[in-house]
Amino acid sequence: MAQIVSIAPFKGQVAEVALSDGRSLWLHNALIYDAGLHKGDTLTEAQITELLQQAADRRAFEYGLYLLERRGYSYRELYDKLMQAERADEQATLHALEKLVRLGFLNDARYAEALARQLVEQKRYGLHRAAMEMRHRGLSAEEIDNALAPYEDPEDTAQRLMQLLERKYARRLTDPHDRKAIESVKASLIRRGFDYSDVRNAIEDYFSDEDYEEEEIDS
């Protein structure tokens, strides 16, 4: 057991609770208020342990909220990030994640949909590259498949490829006989996650649309 010898402001909303055995507890003011702590109170070891766990839970939850305000995270990503924090506590991290999920701040299905839109519509990645990026963010195969399903239509893929060719690669595609340039563009688009056959067809359509001499563009 230990007695509280002082409660003093420390930093922001955190106070230092000094104990008679030389230890100090750094607790949020709200936690001190909720626990009804005052100078002179005597705390058992069980009470001290519980206060420290509640303080760790609060830190993890508030840090999780702060991170989610900056960008989206998957459950696994946020777990890893919280566990990298100073004074990280796994039990507090799991409590925080459970609360964030329960309150709707953390939702992997919703995050997968938003990430799919960013990768496919904004960054203009093919589905293979998008799926790889999403796996790296800790999303499950089912969540990735569901989020990418709206982008599987072949006509939409052809349209996205044509837009890329017109906006990003037009300077390199000036001659249907320039095999080196064409192969370079193909390789670039495949690295972006598009299928080889879709890329080849898109380049053929590109030169056809540009009224070049009809010719099959093949490897």
Side-chain angles (χ1 to χ4, degrees), residues 7-17 24-37 47-152 156 160 163-164 167-168 191-193:
I7 300 177
F10 175 69
K11 184 178 180 181
Q13 296 297 311
V14 175
E16 179 184 6
V17 179
S24 288
L25 311 179
W26 285 271
L27 307 177
H28 194 280
N29 290 333
L31 179 55
I32 293 172
Y33 176 81
D34 290 342
L37 301 182
Q47 288 174 315
I48 292 171
T49 298
E50 177 62 22
L51 286 169
L52 290 173
Q53 187 61 58
Q54 290 179 19
D57 290 352
R58 188 182 187 98
R59 282 197 308 273
F61 177 74
E62 291 183 347
Y63 186 40
L65 273 181
Y66 167 78
L67 291 171
L68 288 168
E69 287 174 355
R70 297 172 68 85
R71 74 167 180 86
Y73 282 85
S74 69
Y75 185 100
R76 197 190 78 185
E77 268 189 309
L78 194 57
Y79 171 87
D80 291 341
K81 190 72 173 178
L82 292 177
M83 288 302 296
Q84 293 169 10
E86 184 179 358
R87 293 188 292 168
D89 176 276
E90 184 171 29
Q91 184 174 342
T93 293
L94 293 174
H95 287 169
L97 292 171
E98 178 185 358
K99 187 174 180 180
L100 289 166
V101 169
R102 186 172 70 251
L103 295 176
F105 293 111
L106 187 61
N107 183 304
D108 275 4
R110 186 179 64 217
Y111 175 54
E113 292 175 0
L115 186 57
R117 284 195 299 272
Q118 178 190 24
L119 295 171
V120 177
E121 298 180 18
Q122 298 177 23
K123 292 192 173 183
R124 300 187 182 281
Y125 286 163
L127 299 191
H128 297 306
R129 175 72 179 274
M132 180 184 70
E133 296 287 340
M134 294 171 78
R135 282 195 297 273
H136 289 167
R137 301 287 185 91
L139 293 167
S140 70
E142 181 180 3
E143 289 156 353
I144 293 170
D145 289 343
N146 290 340
L148 292 178
Y151 302 102
E152 293 177 347
D156 290 342
R160 290 196 299 273
Q163 290 174 346
L164 272 171
R167 298 175 185 179
K168 186 175 178 65
R191 286 195 298 271
R192 294 181 75 91

Go through the steps for V17 and L51 under the test side-chain contact (heavy atoms from CB on, under 4.5 Å), then give the verdict. CA-CA 11 Å; V17 179; L51 286 169; over 6 Å; no

Evaluate side-chain contact (heavy atoms from CB on, under 4.5 Å) for R167 paired with R124, printing each intermediate quantity in order. CA-CA 11 Å; R167 298 175 185 179; R124 300 187 182 281; 2.8 Å; yes

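For F10, the ring-ring contact (aromatic ring centres under 6.0 Å, His included) criterion is met by W26, not counting sequence neighbours. For E113, the salt bridge (Lys or Arg N to Asp or Glu O under 4.0 Å) criterion is met by no residue, not counting sequence neighbours. Residues meeting the side-chain contact (heavy atoms from CB on, under 4.5 Å) test with E77, sequence neighbours left out: R71, Y73, S74, Y111, R137. Scored by the side-chain contact (heavy atoms from CB on, under 4.5 Å) test, A15 finds I7, N29, I32 as partners (sequence neighbours excluded). With sequence neighbours left out, the side-chain contact (heavy atoms from CB on, under 4.5 Å) criterion links E98 to R102.
Considering only heavy atoms from C-beta on, Y79 comes within 4.5 Å of E90 through its side chain. Side-chain contact between R160 and L164 is absent, with no heavy-atom pair separated by less than 4.5 Å. In this structure, R59 and Y63 have side chains that are not in contact, with every pair of non-hydrogen atoms separated by 4.5 Å or more. Put simply, the side chain of D34 does not reach to within 4.5 Å of the side chain of Q54, judged on heavy atoms.
Taking OH from Y125 and OH from Y151, the interatomic distance works out to 15.0 Å, rounded to the nearest 0.5 Å. Summarising the geometry, atom CG belonging to L82 is positioned 4.5 Å from atom CG belonging to L78; distances are rounded to the nearest 0.5 Å. In this structure, R87 CZ and L52 CG are separated by 10.0 Å, a value rounded to the nearest 0.5 Å. Interatomic distance, CZ of R76 versus NE2 of H136, reported as 9.0 Å (0.5 Å rounding). With rounding to the nearest 0.5 angstrom, the CG atom of D89 is 8.5 Å from the NE2 atom of H95. To the nearest 0.5 Å, the span separating CG on L119 from CZ on R129 amounts to 8.5 Å.
When each of R110, M134, E133 is paired with L115, the side-chain contact (heavy atoms from CB on, under 4.5 Å) condition holds for M134 and for no other.
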Please table the atom pairs, donor to acceptor, closer than 3.5 Å between any side-chain atom in residues 140-147 and protein atoms at least two apart or in another chain.
residue, atom, partner, partner atom, Å
S140, OG, E143, N, 3.2
S140, OG, E143, OE1, 3.1
E143, OE1, S140, N, 2.9
N146, ND2, E142, O, 3.3

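Side-chain atoms of D80 and Q84 form no donor-acceptor pair, as typed in the model, at a separation below 3.5 Å.
At least one donor-acceptor pair closer than 3.5 Å links the side chain of R192 to the backbone N or O of K123.
Taking all atoms of both residues into account, the shortest heavy-atom contact from G64 to L100 is CA-CD1, 4.2 Å. Taking both residues in full, the closest heavy atoms of A116 and L148 are given as CB-CD2, 3.9 Å, listed atom of the first, atom of the second, then distance. Nearest heavy-atom pair across D108 and Y75 is OD1-N, 2.8 Å.
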